[in-house]
Amino acid sequence: AQSVTQLDSQVPVFEEAPVELRCNYSSSVSVYLFWYVQYPNQGLQLLLKYLSGSTLVKGINGFEAEFNKSQTSFHLRKPSVHISDTAEYFCAVSDRGSFQKLVFGTGTRLLVSP
Amino acid sequence: AAGVIQSPRHLIKEKRETATLKCYPIPRHDTVYWYQQGPGQDPQFLISFYEKMQSDKGSIPDRFSAQQFSDYHSELNMSSLELGDSALYFCASRPLEGKNTEAFFGQGTRLTVV
């Protein structure tokens, strides 16, 4: 079974500063990795995904993440955040077998202030 | 582009009542997933269907049941509702075949049990 750990429940940051949201996963099989964003009272929107290939993955809204197999990590980064990036961010993992389901981390609330 | 449609968007029910949530997947998506997100919680997998058959089961209470119909839409039936069932219920769909293994989420149904 897979599990996801998001170490930071909340990350405060000033506008235009860089940010890193941490995600570590545990799995006995090969996995796919995802980052989703959830704005207040909204659904889940995919930011980016790692399926295979290059370990540096670029997503929407200027976000990127790097898959590190040895450290079982998939940290999300953005070089310069905006007020509008304030939201809840979920890291998720699924195995590569059929009928994969997503296992989510507990989420990290990114709070961007002016 | 067509997205996952969930109805209703909001639902208020009393304790011990029943509720039915509906999910209409993206066309040509044959796999549907249901998730429950309690207040301040991460989404928890409930159940999934592939080609109208249950494919996986998570932490779904016995009071809940679900099915996928011939047109691939799915319904989550919830009986003997409890206050703790108040949550945001997400449906997601994905095509089983192909390289794109991303799951697309609907906006969710917010169920409030009073």
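What you see is a predicted model; the values in this text were computed from it and never measured. Throughout, protein chains are lettered first and strands after them, A, B, ... in sequence-line order, and every chain is numbered starting at 1.
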Please rank B:Pro43, B:Gly108, B:Gly106, B:Ala92 by heavy-atom pairs under 4.5 Å with chain A and give me the top one.
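Option with the greatest count: B:Pro43.
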Does NZ or CZ of A:Lys58 come closer than 6.0 Å to the centre of the six-membered ring of A:Phe63, within 45° of the ring's axis?
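No - A:Lys58 does not lie over the ring of A:Phe63 by the 6.0 Å and 45° rule.
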Test of understanding: with side chain to side chain donor-acceptor pair (under 3.5 Å), list the residues that count as partners of A:Glu88, not counting sequence neighbours.
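Checked A:Glu88 against side chain to side chain donor-acceptor pair (under 3.5 Å); matches are A:Arg109.
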A:Phe90 portion near chain B, given a 4.5 angstrom heavy-atom threshold:
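A:Phe90 touches chain B through side-chain heavy atoms alone.
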A:Leu44 portion near chain B, given a 4.5 angstrom heavy-atom threshold:
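When you check distances to chain B, atoms from both the backbone and side chain of A:Leu44 fall under 4.5 Å.
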Region of B:Gln37 in contact with chain A, defined by heavy-atom distances below 4.5 Å:
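The answer is the side chain of B:Gln37.
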Check whether B:Gln107 gets within reach of chain A through its side chain, its backbone, both or neither, counting any heavy atom under 4.5 Å.
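When you check distances to chain A, atoms from both the backbone and side chain of B:Gln107 fall under 4.5 Å.
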Donor on one side chain, acceptor on other, B:Thr20 and B:Glu75, under 3.5 Å
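Side-chain D/A pair, B:Thr20 to B:Glu75: absent.
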Consider only side-chain N and O atoms of A:Asn68 and A:Ser70, and report whether a donor and an acceptor are under 3.5 Å apart.
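Short answer, yes.
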Could you check whether the rings of B:Phe105 and B:Tyr35 sit parallel, tilted or perpendicular, using 30° and 60° as the cut-offs?
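Tilted, since the angle between the ring planes falls between 30° and 60°.
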